[in-house]
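Counting from 1, the numbers follow the sequence of the chain as shown. Predicted model, so just to flag it, every value in this text is computed and none were measured. First listed ligand is number 1; within each ligand, the first listed atom is number 1.
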Amino acid sequence: MNHNLFDTFAERMRARGEADFITTREGRSYSYTQALEMSARLAGALIGLGVTPGDRVAVQVDKSPEAILLYLACLRMGGVYLPLNTGYTATEVRYFLEDAEPALFVCRPENLEDAQETAQLAGCPRVTTLGTNSDGELMDLARSATSWDSIESRDADDLAAILYTSGTTGRSKGAMLTHRNLGSNAEALTTTWRFTESDRLIHALPIFHTHGLFVACNVVLMAGASMLFLPRFDIDIIIDELPRGTTMMAVPTFYTRLLQDERLTPELTTNMRLFTSGSAPLTAETHQAFEQRTGHAILERYGMTETNMNTSNPYEGERIAGTVGMPLPGVEVRIVERETRETLPQGEIGILEVRGPNVFIGYWGMPDKTREELLEDGFFITGDLAMIDEKGYIHIVGRDKDLVISGGYNVYPKEIEQVIDEMEEVAESAVIGVTHPDFGEGVTAVVVAQPETQINETKVLEFLTDRLARYKQPKRVVFVDSLPRNTMGKVQKNQLRERFQNLYTPA
Ligand code: MLC
Ligand code: AMP
């Protein structure tokens with residue numbers, strides 16, 4: 001039996017025939033038949049470029065229907081899809097290329113020259129381009145390529161994708177996801193959220209992360225539904241499109257922005273059957289305000305790059321604000337005490353661990369790191385602090401890991417601190433997340449200057465410009481005389497968070 005996830009998708013795609021799979025605002029579209037055909041052509045092009053089964057294909061391109069067809073082509077011919085945040089700088093990309101050793105790097109047409117240089121420095125043998133308007137070298141190659149109509153045979157445990165996630169040590173780790181991981185999760189979500197062929201998903205998330213790529217696109221493919229592909233979250237366009245959608249997947253910032261708009265009314269959302277939220281905590285206030293304004297109770301779920309989705313509020317039944325619901329079918333969750341690793345009784349707060357077919361098989365090239373986080377009994381230590389209430393609903397109450405989540409993007413303080421500390425005027429720094437009205441948490445740098453040096457906020461931000469992706473750059477830099485430390489010498493970030501708690505939300 002072929003466990004290639006594309007084999008499952010292809011069956012649905014053939015059955016859906018001329019039905020719309022993906023459309024854009026500009027009226028470009030692919031029916032399921034067309035998507036099948038183009039994925040075969042793109043697979044032919046990838047093979048022509050020297051990609052063989054098991055090879056990584058690194059992709060840093062703007063969102064477009066063709067980018068999803070490239071993902072499908074890669075699955076189809078047994079490649080390992082490796083999407084990269086479009087905001088990453090050349091320095092950041094070089095690390096990923098060196099670490100994952102892809103056979104091919106697909107970049108934006110306008111970035112070709114820089115990408116070639118980066119690829120050469122990283123030892124990546126081939127670079128090609130993909131634009132947003134069915135353009136770029138890869139599309140030219142696909143149009144003239146011999147269609148590769150078969151589907152490479154894969155085991156359930158073969159790699160389908162590698163997604164990089166930053167680490168608390170400051171070094172990004174490639175989470176290895178298998179065909180089983182992606183397939184089992186897509187099935188669980190499609191059933192739990194009642195996705196059908198009649199659904200039309202409004203897709204405004206980026207497609208280089210688990211949320212916009214796997215949760216959204218795999219579920220649509222599994223159900224044979226259709227989706228409207230928007231390049232980004234633009235409030236006017238979302239408001240215009242809501243009456244023609246049936247569902248939207250979002251990070252909390254989408255909902256806080258929608259709530260600020262008077263055009264959000266019950267009438268606007270009457271055709272919608274499901275709004276989901278995840279990637280960051282949705283506050284109970286936002287959940288309640290959205291229900292009051294529209295009559296829709298947002299369905300919050302909880303997941304991670306390493307695990308895909310773990311828990312979800314029920315489709316039927318009570319969706320409780322401030323909770324992430326119950327484990328998805330096939331997923332086991334336990335709450336343990338950090339030191340003893342003993343499972344805690346219901347109601348107590350501890351570290352959430354998860355096991356199931358959704359959980360990744362390890363970090364690329366990092367066996368030690370894998371052993372630290374993926375235990376022998378199959379449970380993965382998420383680093384999230386959680387509690388299970390008397391009704392069985394899980395509450396994420398905090399994080400045991402030093403991590404900031406800004407507008408749904410993870411930012412690891414260590415990575416930012418290391419770059420700031422490179423400045424000769426800086427003695428030391430601590431990066432924290434501070435409550436932010438738009439992004440949930442705002443990345444904030446607290447800096448101690450070297451004695452008798454001239455340094456200010458602008459200087460620090462300028463230094464970071466080409467070194468870090470925009471979303472990782474602090475929204476504010478503040479200066480202190482010294483960092484608060486405990487007796488072990490560890491920086492007391494709690495004290496800093498408290499001191500600067502009103503930086504973005506003046507009391
Ligand atoms: C953009 N900026 C951000 C930012 N997004 N800064 C911090 N955090 C963010 N998330 C920067 C821009 O570069 C710009 O900088 C300024 O902030 C304002 O930009 P904007 O125009 O307001 O931003 P916008 O393009 O509207 O993007 C905001 C957003 C977007 C929230 C819509 O970030 C987004 O789509 N987030 C989704 C992230 C996501 O998909 N996460 C899933 C991870 S998977 P300047 O200075 O140039 O103006 C995962 C697992 C799971 O976590 O469970 O799902
Ligand atoms: P990532 O590594 O980008 O996949 O981010 C995963 C992290 O996002 C998790 O470990 C959580 O800390 C956080 N997260 C995802 N969904 C939720 C949610 N619904 N509520 C709170 N935190 C969440």
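- Residue, atom and distance of the protein heavy atom nearest to atom 16 (N) of ligand 2 are S279 N, 3.1 Å.
- Contact annotation: for R257 versus ligand 1, heavy atoms closer than 4.0 Å belong to the side chain alone.
- Close contacts of ligand 2 with I405, meaning ligand atoms under 4.0 Å from a residue heavy atom, involve 8 (O), 12 (O), 13 (C).
- For atom 1 (P) of ligand 2, the closest non-hydrogen atom of the protein is N410 ND2, 3.1 Å.
- Of the protein's non-hydrogen atoms, D384 OD2, 3.3 Å is the one closest to atom 9 (C) of ligand 2.
- Contact annotation: for F254 versus ligand 1, heavy atoms closer than 4.0 Å belong to the side chain alone.
- Residues E300 and R319 are not paired through a salt bridge, judged by the lack of any N-O separation under 4.0 Å between the basic side chain and the carboxylate.
- Not one N or O of T305 is nearer than 3.5 Å to an N or O of ligand 1, by distance alone.
- The pair K173-D99 fails the salt-bridge criterion, with no side-chain N (NZ, NE, NH1 or NH2) lying under 4.0 Å from an Asp/Glu carboxylate O.
- A salt bridge links R334 to D377: at least one charged side-chain nitrogen sits closer than 4.0 Å to a carboxylate oxygen.
- Of the polar atoms of Y409, none of the N or O atoms is found under 3.5 Å from an N or O of ligand 1, judged by distance alone.
- On a distance-only criterion, E306 and ligand 2 share no N/O pair closer than 3.5 Å.
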